[in-house]
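These notes concern the structure reproduced below.
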Amino acid sequence: MAASSSSAATAKQSDHSSPSEETEEESEFCPGFKDVDAFVKHGLGAVVSATKASAALPAAGDEFDLYRSFPAFQQFCASQGDRLLHCMTQIMQHHGCRSHMRDRNRLTGLEDRFDLVVDSNDAILEKVGILLDEASGVSRTQQPVMPAGYQPPKIVVSSWNRRGGERRDETFHLLHAKNIQRPQLKFKEKVDNSNTPFVSKIFIKPNAVKPLPSYSKLLPNERPEDLDVPAALADFIHQQRTQEHVDDMFSHPYQYELDHLVMPESLKCKPDVQMYKPLAESTCQFIYTLDDLVALNEKLAKVSEFAVDLEHHSYRSFLGITCLMQISTREEDFIIDTLELRSEMYILNETFTDPAIVKVFHGADSDIEWLQKDFGLYVVSMFDTHHAARCLNLGRNSLDHLLKVYCSVNSDKRYQLADWRIRPLPDQMLKYAQADTHYLLYVYDRVRADLYDMGNGQPTLIQQVWDKSRDLSLKVWTEHCNSPAWTEQELEQGDVKHDPKERARYSQC
Ligand code: AMP
Ligand code: MN
Ligand code: ZN
């Protein structure tokens, strides 16, 4: 923000320093700049030099203390700090954000001020997004989709849910709650939006055949860089260990187990199809306490398969957040509030990596990444019904299509793009989420039966789907990127594919 304001300030300055002719000025995009490109180029230059300059400042614990002992340096810091805060306050006020950056207790106010900046950045970026949507011709006048009786604080139509011209009437709308508390604020561990490579969050490895490398086994507060030793020594230990274990750190923690995974015998014969319970008669437990999560994990440990799905929110937020996890056994449905239990979700690794329990997903590409990124969860023994549908040449491979073909259920994908951070979740959204896994084990039986028949009474095709699913679970989330990864399935059923620009934007990162 400081950098962009300085570019604005320079823009003003160049207006004074280079008087241009009346006619030229009229055609200028803004004073001193002939078009948007010139402005952006100048702005970027300013941002780069500001970043370079701030990187060159002495860091805390480095030479900073030495510099601080000079009164002139202290005064300079104080005056520059005030200037920056003033500048930021003005920008925030201009955008109608909360903006009491100054006159705060310098010690206790820091975190508050940081939150203010983060909130303002969100608000400003959201405005930019809306303007970009408008510029690319997205109308925001149509009625939003929302549960009956639910009062959405604000509706935003995103560019990614735009339909092609001929199907405009079916445009999906994003139910976006503007005034909800940002769930990130509650997380015990801060969201890492940095560009550094992602290091696996796993620190205990249930169902291990090959144990975890020693580095990962250390609890976060036991790592040398977090210990109470001089910074230089911690850095040294860290570098040594990092170099030693660099391969381990970025590899899949269950690589060995997945490489040696064998398809369970029970999948090699034609399954007995087990009917699902009617959705209306099924119980669905909402899980938001650690005790209930532990109890669920214990229940899951006793079954031979369960279905899993996730709901994620990535609208204009940097890496996105997994907001819900739906799980269905043959008997019951569960919805886990993963915003509440984010730091505890890892306990499910016990069942998620148990090779004797099959985890059924539909189109798990993104799910596998979200599980790793947000919870440090991995999946061993997965069956992806999307790959089964592809193998069966069903024409369309979306879950809606499978539900139509096998369950005669007309699923309603209206809430797919809803803002899943909303709490308490309206009943209709909970029902929608429940339906995403409720029928999945039945679909799993049906596709396996069809694959078996199509393979002339041999499990060859089931094995193919199994292998594809295993390859999928080997996916490693390593890099931070700004856009969500889109699966073929999402591209197929979404609108992204209609627009080459959007497609490029959402291409696998
Ligand atoms: P699903 O597996 O269909 O329940 O989708 C899981 C999550 O993926 C949703 O909560 C959305 O965040 C995201 N998603 C799925 N399909 C789309 C789409 N067509 N456009 C944008 N986001 C999508
Ligand atoms: Mn899904
Ligand atoms: Zn879903």
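The figures here come from the full heavy-atom set of this structure, side chains too, leaving out hydrogens, waters and symmetry mates. Values in this document were obtained by computation on a predicted structure and should not be read as measured data. In listed order, ligands and their atoms are each counted from 1.
- Both the sub-6.0 Å distance and the 45° axial angle are satisfied by Arg448 relative to the ring of Tyr444.
- Counting heavy atoms closer than 4.0 Å to ligand 1, residue Asp436 contributes side-chain atoms (C-beta onward) but none from N, CA, C or O.
- Electrostatic pairing of Glu332 and Lys277 does not count as a salt bridge here, judged by no charged N lying under 4.0 Å from a carboxylate O.
- At distances below 3.5 Å, at least one donor-acceptor pair connects side-chain atoms of Thr289 with backbone N or O atoms of Asp292.
- Within the structure, the closest approach of Phe361 to ligand 1 does not fall below 4.0 Å when heavy atoms are considered.
- Atom OD1 is the N/O/S atom of Asp309 found closest to the Mn ion (ligand 2).
- For Trp477 and Tyr378, the ring centers are positioned 6.0 Å apart or more.
- Residue Asp367: no N/O/S atom is found under 2.8 Å from the Mn ion (ligand 2).
- Residue contacts with ligand 1: His362 is placed with no nitrogen or oxygen under 3.5 Å of a nitrogen or oxygen of the ligand (distance criterion only).
- The heavy atom nearest to atom 4 (O) of ligand 1, considering only His312, Glu311, Gln326, Gln416, is found in Glu311.
- Residue Trp420 approaches ligand 1 through these ligand atoms, each under 4.0 Å from one of its heavy atoms: 10 (O).
- Distances from the Zn ion (ligand 3) to the N/O/S atoms of Asp309 are shortest for OD2.
- Just one residue in the list Asp259, Leu212, Leu474, Thr353 forms a side chain to side chain contact (heavy atoms under 4.5 Å, CB included) with Tyr254, and that residue is Thr353.
- In this comparison of Tyr432, Tyr415, Trp370, the heavy atom closest to atom 7 (C) of ligand 1 sits on Trp370.
- Side-chain rings of Tyr346 and Phe375 stay apart, their centers remaining 6.0 Å or farther from each other.
- Between Arg330 and Asp445, at least one side-chain N (NZ, or NE/NH1/NH2) sits under 4.0 Å from a carboxylate O, which counts as a salt bridge.
- Under a 4.0 Å criterion applied to the non-hydrogen atoms of Leu310, ligand 1 contributes the atoms 4 (O), 6 (C).
- With ring centers used as reference points, Phe306 lies under 6.0 Å from Phe352.
- Atom OE2 is the N, O or S atom of Glu311 at the shortest distance from the Zn ion (ligand 3).
- The distance criterion of under 3.5 Å between nitrogen or oxygen atoms is met by Asp309 with respect to ligand 1.
- Nearest N/O/S atom of Asp436 relative to the Zn ion (ligand 3): this is OD2.
- With respect to Ile336, the side chain to side chain contact (heavy atoms under 4.5 Å, CB included) criterion is satisfied by exactly one of Thr322, Leu293, Leu324: Leu293.
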